[in-house]
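Each remark here refers to the structure printed beneath this line.
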Protein chains: 2
Amino acid sequence: MSVQAQTDQLLQFFKIIGNESRLKVLGLLASDERSVGELAILLGLSEPTISHHLAVLRELDLVAMRVDGNNHIYWLNTTALEALNRNIFSQEQLATLAPEEGGRAWEAKVLRYYLVDGRLRAIPATQKKRQIVLRWLADQFEKGQDLPEAELNKRLKAFHPDVAALRRHLVEFKLMERKSNLYRRL
Amino acid sequence: MSVQAQTDQLLQFFKIIGNESRLKVLGLLASDERSVGELAILLGLSEPTISHHLAVLRELDLVAMRVDGNNHIYWLNTTALEALNRNIFSQEQLATLAPEEGGRAWEAKVLRYYLVDGRLRAIPATQKKRQIVLRWLADQFEKGQDLPEAELNKRLKAFHPDVAALRRHLVEFKLMERKSNLYRRL
DNA sequence: AATCTAATTCGACAGCTGTCAAATTAGATT
DNA sequence: AATCTAATTTGACAGCTGTCGAATTAGATT
């Protein structure tokens, strides 16, 4: 089962039992099977409402139904519950629910956010993000290459209008160094 | 802890994690601690939204926070999760979530529903409920007591206008018997 | 001191969801 | 066949909640 599918299933399950009425229905059915009308009276709700909740619970296979005369008798599907009972909340299990692999995804997302059509939407304010973007920017230049300031400005302009800021940051992060009038990619 | 409190706590917990964003936040924090801004980018949500969710999670002690410079770093409170991990969905555990003790409560609720100010709101249509209500009605008469039909009618009228139906049902359920013109409570 | 940054709070809004009354359906009883 | 019963479906609505932009706050940096 894919991670996404697993997330969805778990999420769906929590959503469904994260409702007072449905949780109580499960509670009642845990001790004995019941008809719709009985549940309605016991919970002080209308029959349509109970019927609605039971339909939801049946979709997740948490309850089952049999017809008995005019009555529809519902009971708890204990096996389905037991299956969910094991280690749902262990930290390892939870980690698999992370949208993607947390570590690498972070840098990628930052870049994806700040880069539009190969240009910078802005220079990130926070150090952490700025470093990521600037590192990418530096990678657009060949290592060890020497460039006069005029040439560097011209190429930086393709990424962002504030070329002075970009130059300064590149040096700050030790991605480039300045020697007299020449900039060199480190 | 009272049953009610237990229900509430469990319900609250399910409600809180029954939300895609919050579940994903927990998933991310399961692998590493994160600042608000990081979570916002990783999940593609605004910082206010993330901040809001974190406040909710913190209320349940599912996450903790420390201040680091301008950043607020959140991490998973694993002990709180482990506490919840044990046998939440066992059938016995679930049964304790029933609104009250299922068995006796049923009859009481039916009576409470049909009796308003000592009178019957209606004669229940279903056999099961009708029997409960009629049994209560019969209990309003002394056992072994003999009553002429006129007297019985008079007393039944205090409970419901359709005295003929009540008389018939009382006999049906063998709660009273008719001998010539006399009704006797059995 | 003044500015800047990250986070939070506030206010507003759209979409979802739990609920019920009314209408309908499927089945049992007369 | 006609009636009655329990359940479901439909339609409507109120209340909740997740989301964001704007304003604010607390701290750090200059």
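Labels below follow one simple rule: chain letters A, B, ... track the order of the sequence lines, proteins then strands, and each chain is numbered from 1. The analysis underlying the following values was restricted to heavy atoms, covering all of them including side chains, and did not include hydrogens, waters or symmetry mates.
Considering every non-hydrogen atom in both B:L43 and B:S21, the closest pair reads CD1-O, 4.1 Å. Nearest approach of B:S35 to B:N71, heavy atoms of both residues: CB-CB, 4.4 Å.
Nearest-nucleotide mapping onto DNA chain D: of B:V67 and A:A55, the residue sitting toward the 5' end is A:A55. When each of A:K15 and A:N70 is assigned the nucleotide of DNA chain C with its nearest heavy atom, A:K15 is the one assigned upstream, toward the 5' end.
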Point to revise | B/S/- contact track for nucleotides 19-24 of chain C, protein heavy atom under 4.0 Å | key: BBBB--

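Here B:Y114 pairs with nothing under the ring pair (Phe, Tyr, Trp, His ring centres under 6.0 Å) rule; sequence neighbours left out. When the ring pair (Phe, Tyr, Trp, His ring centres under 6.0 Å) test is applied to A:F141, no partner is found at least two apart in sequence or on another chain. Scanning for salt bridge (Lys or Arg N to Asp or Glu O under 4.0 Å) contacts around A:R178 gives A:E149, with sequence neighbours left out. In terms of the side chain to side chain contact (heavy atoms under 4.5 Å, CB included) criterion, residue partners of B:R168 (sequence neighbours excluded) are, by chain and number, B:A165, B:E172. Looking at residues two or more places apart in sequence or on another chain, you find no ring pair (Phe, Tyr, Trp, His ring centres under 6.0 Å) involving A:W75. For A:R58, the side chain to side chain donor-acceptor pair (under 3.5 Å) criterion is met by A:Y74, not counting sequence neighbours. Checked against side chain to side chain donor-acceptor pair (under 3.5 Å), A:N153 has the following partners two or more places apart in sequence or in another chain: A:R167. Evaluation of the side chain to side chain contact (heavy atoms under 4.5 Å, CB included) rule for A:P148 yields A:E151, A:L182 as partners, not counting sequence neighbours.
Within a heavy-atom distance below 4.0 Å of DNA chain C, no residue of residues 159-169 of chain A is found.
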Check your understanding: Going through the distances and angles, do B:R34 and B:L29 end up as a side chain to side chain contact (heavy atoms under 4.5 Å, CB included)?
Key -> CA-CA 7 Å; B:R34 296 278 182 187; B:L29 295 183; 3.9 Å; yes

Practice item. Quick one: do A:R66 and A:E33 satisfy salt bridge (Lys or Arg N to Asp or Glu O under 4.0 Å)? Show the steps, please. Key: CA-CA 10 Å; A:R66 74 166 193 279; A:E33 57 180 31; 2.9 Å; yes

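A nucleotide of DNA chain D counts as in contact with chain A when one of its atoms lies under 4.0 Å from a heavy atom; the first and last such, 5' to 3', are D:dT5 to D:dT9.
Inter-axis angle, ends of the helix from C:dA1-D:dT30 to C:dT30-D:dA1, five pairs per end, rounded to 10 degrees: 20°.
Taking the six-membered ring for Trp and thresholds of 30 and 60 degrees, A:F13 and B:F14 have ring planes more than 60 degrees apart, a perpendicular arrangement.
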